[in-house]
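Remember, it's 1-based here, ligands and their atoms both numbered in the order they're listed.
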Amino acid sequence: MESKEELLATLEVKGVNRRDFIKYATLVTSVLGLAPSMIPRVAQAMTAKQRPTVIWLHFAECTGCSEALLRTTYPWIDDVVLDILNVAYHETIMAPAGHAAEKSLHDAMEQYKGNYICVIEGGIPTANDGVWGKVGGKTFLEIGKEVTKGALATVCIGNCASFGGVQAASPNPTQAKGASEALGIKTVNVAGCPPNVVNFMATVVHFLLLGKLPALDDNGRPLFAYGKTIHEQCPRRAHYENQEFVKKFGDEGAKKGWCLYEMGCKGPDTYNNCPIILFNDGTSWPVGAGHPCIGCSEPQFWDNKSPFYESM
Ligand code: FSX
Ligand code: SF4
Ligand code: F3S
């Protein structure tokens, strides 16, 4: 375990300067809707000695959520995340394989019983007792039940773990479901396909700072991130009000940055903070890049928000 100074020193060795770290802490503070005076406390929480243990499970998904975490354009954020969290088990990044991997999982569950955060990435097939998804001879359904039972809290990262995602799209032959529904438990749903990792980090920091999980909406999503629609926060909103719509990709309206409603934008019916926190080191987001929002943080968006290029 490292002290704050030791962690900052370790990060500096890895090429992360204090200013970048504070910039990130500032971003997390604003995502949480906290006053700027809280930045030092957020930075402190992110560098606390007591790091929360995480057991990260992969079920039916594309691993885009882990990729979003590891391949972020803050080249160092994976180091920060891995320093803030004590990741005891994560199939994509852990060294052990086969029986040794199974052992790591069970050792972690034993050692941190009642104290770890279970992060779930991916949907859970429930048809035929869940035989459509297995790791180490056990179904995702069995693993999910076993691991979440000893967890302090369960955080779903991505639409698949939250609501079933693409594998739950009609006709959903494996009867894939989100973890909450499949396992009958309460989960915090950091939705999106993939979600913004900043929202995941802010959820963890909220827990570190206040000792409890954030307030949630009816779909289990943290209100600090999913409390408003894309439409309410969209910089193209004035064009919507003026009825200035893009009619075809590449037309004059598209070049002028007009509203994408007629191109199928689902922003009016989608709750997320993309227009405010942006992706890729704060450079852009779907609508900012000229593409309609497809509603990727909403339950059953593959069915309910498609066709993606037809207006609502
Ligand atoms: Fe789902 Fe995660 Fe979409 Fe992929 O793994 S939320 S398919 S981008 O990334 O679970
Ligand atoms: Fe709303 Fe989408 Fe138009 Fe933005 S682009 S104003 S979210 S309809
Ligand atoms: Fe998803 Fe729409 Fe944001 S598609 S990434 S919720 S703009």
Requested in this report: Any atoms of ligand 1 less than 4.0 Å from a non-hydrogen atom of Asn159? List them with their elements.
Outcome: 6 (S)
Query raised in the report: Would you say Thr229 and Gln233 make side-chain contact, with heavy atoms under 4.5 Å?
Result: no
**Report entry** atom 3 (Fe) of ligand 3 [closest protein heavy-atom partner, distance rounded to 0.1 Å]
**Finding:** Cys274 SG, 2.3 Å
Report summary line: CD (Gln111) and CD1 (Ile55) are apart, to the nearest 0.5 Å, by 9.5 Å
Requested in this report: State the atoms of ligand 1, each with its element, that fall below the 4.0 Å cut-off from a heavy-atom position in Pro194.
Outcome: 8 (S)
Query raised in the report: Which residue supplies the protein heavy atom nearest to atom 4 (Fe) of ligand 2, what is that atom called, and how far is it?
Result: Cys234 SG, 2.4 Å
Query raised in the report: Under a 4.5 Å cut-off applied to non-hydrogen side-chain atoms, are Pro195 and Cys65 in contact?
Result: yes
**Report entry** Within 6.0 angstrom of Phe224 CZ, more than 12 heavy atoms from elsewhere
**Finding:** yes
Report summary line: Taking only non-hydrogen atoms of Asn272 and a 4.0 Å limit, the atoms of ligand 3 in range are 6 (S)
Report summary line: Residue, atom and distance of the protein heavy atom nearest atom 1 (Fe) of ligand 3 read Cys296 SG, 2.3 Å
**Report entry** Shortest protein contact, atom 2 (Fe) of ligand 1 (heavy atom only)
**Finding:** Cys65 SG, 2.3 Å
Query raised in the report: Which of the atoms in ligand 1, numbered in the order shown and given with their element, are less than 4.0 Å from a heavy-atom of Cys160?
Result: 1 (Fe), 6 (S), 7 (S), 10 (O)
Requested in this report: Please lay out, stage by stage, how Val190 and Cys156 fare under the test side-chain contact (heavy atoms from CB on, under 4.5 Å).
Outcome: CA-CA 6 Å; Val190 183; Cys156 290; over 6 Å; no
**Report entry** Polar atom proximity, Glu121 to ligand 1 (N or O, under 3.5 Å)
**Finding:** yes
**Report entry** Trp285 neighbourhood, listing ligand 3 atoms whose heavy-atom distance to it stays under 4.0 Å
**Finding:** 7 (S)
Requested in this report: Tell me which protein heavy atom sits closest to atom 1 (Fe) of ligand 2, plus the residue, atom name and distance to 0.1 Å.
Outcome: His231 ND1, 2.2 Å
Query - Polar side-chain atom of Arg236 near backbone of Leu260 as donor-acceptor pair, under 3.5 Å - result: no
Query raised in the report: If you count the non-hydrogen atoms of other residues, nucleotides and ligands that lie under 6.0 Å from CG in Asn242, is the total more than 12?
Result: yes
Query - Closest protein heavy atom (residue, atom, distance) for atom 5 (S) of ligand 2 - result: Leu260 N, 3.3 Å
Query raised in the report: Identify the closest protein heavy atom to atom 2 (Fe) of ligand 2: which residue and atom is it, and at what distance?
Result: Cys265 SG, 2.3 Å
Query - Whether over 12 other heavy atoms sit under 6.0 Å from Glu241 CD - result: yes
Query raised in the report: By number and element, which atoms of ligand 2 are closer than 4.0 Å to a non-hydrogen atom of Arg237?
Result: 6 (S)
Query raised in the report: For atom 4 (Fe) of ligand 1, what is the nearest protein heavy atom, given as residue, atom name and distance?
Result: Cys62 SG, 2.2 Å
Query raised in the report: Can you list the steps and then say if Lys266 with Glu310 is a salt bridge (Lys or Arg N to Asp or Glu O under 4.0 Å)?
Result: CA-CA 9 Å; Lys266 306 299 185 294; Glu310 278 175 25; over 6 Å; no
Requested in this report: Return yes when at least one N/O/S atom of Cys293 is nearer than 2.8 Å to atom 2 (Fe) of ligand 3, and no when none is.
Outcome: yes
Query raised in the report: Hey, which atoms in ligand 3 end up nearer than 4.0 Å to a heavy atom of Gly295?
Result: 4 (S)
**Report entry** For Cys193, the ligand 1 atoms whose distance to one of its heavy atoms is below 4.0 Å
**Finding:** 3 (Fe), 6 (S), 7 (S), 8 (S)
Query raised in the report: Aromatic rings Tyr240 and Phe245: how do their planes relate, parallel, tilted or perpendicular, breaks at 30° and 60°?
Result: perpendicular
**Report entry** Identity and distance of the protein heavy atom lying nearest atom 4 (S) of ligand 3
**Finding:** Ile294 N, 3.2 Å
Requested in this report: Measure the distance from atom 3 (Fe) of ligand 2 to every protein heavy atom, then report the residue, atom name and distance (to 0.1 Å) of the closest one.
Outcome: Cys259 SG, 2.4 Å
Report task. Could you establish whether Gly192 and ligand 1 come within less than 4.0 Å of each other, counting only heavy atoms on the residue side? Result -> yes
Requested in this report: Using the side chain to side chain contact (heavy atoms under 4.5 Å, CB included) rule, pick out the option among Leu141, Thr174, Leu183 that qualifies with Thr126.
Outcome: Leu141
Requested in this report: Report, as yes or no, whether the 6.0 Å neighbourhood of atom CZ on Arg237 holds more than 12 heavy atoms from other residues, nucleotides or ligands.
Outcome: yes
Query raised in the report: Pro286: heavy atom below 4.0 Å from ligand 3, yes or no?
Result: yes
Query raised in the report: Would one find more than 12 heavy atoms of other residues, nucleotides or ligands at under 6.0 Å from atom CH2 of Trp285?
Result: yes
